[in-house]
Amino acid sequence: MKLAQKVYSLINKIPKGKITTYKELGKRLKTKAYRAIGQALKKNPNAPQVPCHRVVCSDGKVGGYQGKKNNSKKIGLLKKEGIIVEKGKIKDFEKKLYRF
DNA sequence: CGCTTGACACCGT
DNA sequence: AACGGTGCCAAGC
């Protein structure tokens with residue numbers, strides 16, 4: 001089981017309307033490979049299966065998943081789930097954060 | 001086996 | 001507060 005696989009599983013456990021950070025994921029996995037987690041999501045062999053958009057930076061930013069682009073359509077989807085994203089930053093980030 | 005990359009985190013300026 | 005540089009770890013070549 002690669003670290004990435006574990007990451008996918010964790011993300012899969014995130015309830016709807018909640019988000020998490022790379023750091024929290026790492027802690028839960030007993031690893032500090034925050035970057036490796038990003039690698040896994042970036043490759044994301046199972047895109048629709050894993051809600052990678054629910055994983056954000058520790059400072060409440062969406063990261064580079066697509067927040068820098070204008071086509072933030074998925075961000076709109078997040079809004080629908082109750083997660084507000086303004087210019088790549090999560091609104092009420094601490095409240096929506098899921099700490100496993 | 002070692003070097004490079006990356007959707008991060010942390011600290012300093 | 002914002003920007004930049006540095007450190008960490010796993011995966012791929």
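Proteins get letters first, then strands, A, B, ... in listed order; numbering begins at 1 in each. Because only heavy atoms are used, hydrogens play no part in the values below, and waters and symmetry mates are left out as well, while side chains stay in.
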Going hydrophobic residue to hydrophobic residue with side-chain gaps under 4.5 angstrom, can you get from A/Ile14 over to A/Leu3?
-> yes

A/Cys52, nearest nucleotide to its side chain (from B/dA9, B/dA7, C/dA11) = B/dA7

Would you mind reading off the distance between A/Leu3 atom CG and C/dG12 atom C1', rounded to a whole angstrom?
-> 15 Å

When you check the gap from the basic side-chain N to the acidic O, do A/Lys18 and A/Glu81 get nearer than 4.0 Å?
-> no

Between P of C/dC9 and NZ of A/Lys6, the distance in whole Å | 14 Å

A/Gln49 vs A/Asn12, side chain to side chain contact (heavy atoms under 4.5 Å, CB included): CA-CA, chis, key distance, verdict | CA-CA 8 Å; A/Gln49 182 180 136; A/Asn12 239 342; 4.0 Å; yes

A/Leu41 near the nucleic acid: base, sugar-phosphate alone, or nothing, with a heavy-atom cut-off under 4.0 Å?
-> base

Within this structure, what is the CD1-to-P distance between A/Ile37 and C/dC8, rounded to whole angstrom?
-> 17 Å

Could you tell me the separation between the NZ atom of A/Lys42 and the C1' atom of C/dC9, rounded to a whole number of Å?
-> 15 Å

Which value, rounded to the nearest 0.5 Å, describes the distance between A/Ile90 atom CD1 and A/Lys95 atom NZ?
-> 14.0 Å

Whole-Å distance, A/Met1 CE to C/dA10 P, equals 16 Å

Rounded to the nearest angstrom, tell me the gap between atom OH in A/Tyr8 and atom P in C/dA10.
-> 15 Å

Return the minimal non-hydrogen interatomic distance between A/Gly63 and A/Cys57, and the atom names on each side.
-> CA-SG, 3.5 Å

Starting from P on C/dA11, measure out to CG on A/Asn44 and report it in whole angstrom.
-> 15 Å

List in numerical order all residues of residues 18-34 of chain A for which some heavy atom is under 4.0 Å away from an atom belonging to DNA chain C.
-> A/Thr31, A/Lys32, A/Ala33

Any donor and acceptor pair, going by atom type alone, linking the side chain of A/Tyr22 with main-chain N or O of A/Ala33 inside 3.5 Å?
-> no

Smallest heavy-atom separation, A/Thr20 atom then A/Leu97 atom, equals CA-CD1, 3.4 Å

Nearest of C/dG12, C/dA10, B/dA9 to any side-chain atom of A/Lys43?
-> C/dG12

Between C/dA10 atom C1' and A/Lys2 atom NZ, what is the distance in whole Å?
-> 11 Å

Strictly below 4.0 Å, heavy-atom distances to any atom of DNA chain B: list the hits from residues 90-100 of chain A, or just say none.
-> none

Mark yes or no for whether A/Lys89, through its side chain, and A/Gly60, through its backbone, hold a donor-acceptor pair below 3.5 Å.
-> no

Between A/Thr31 (side chain) and A/Lys27 (backbone), is there a donor-acceptor pair under 3.5 Å?
-> no

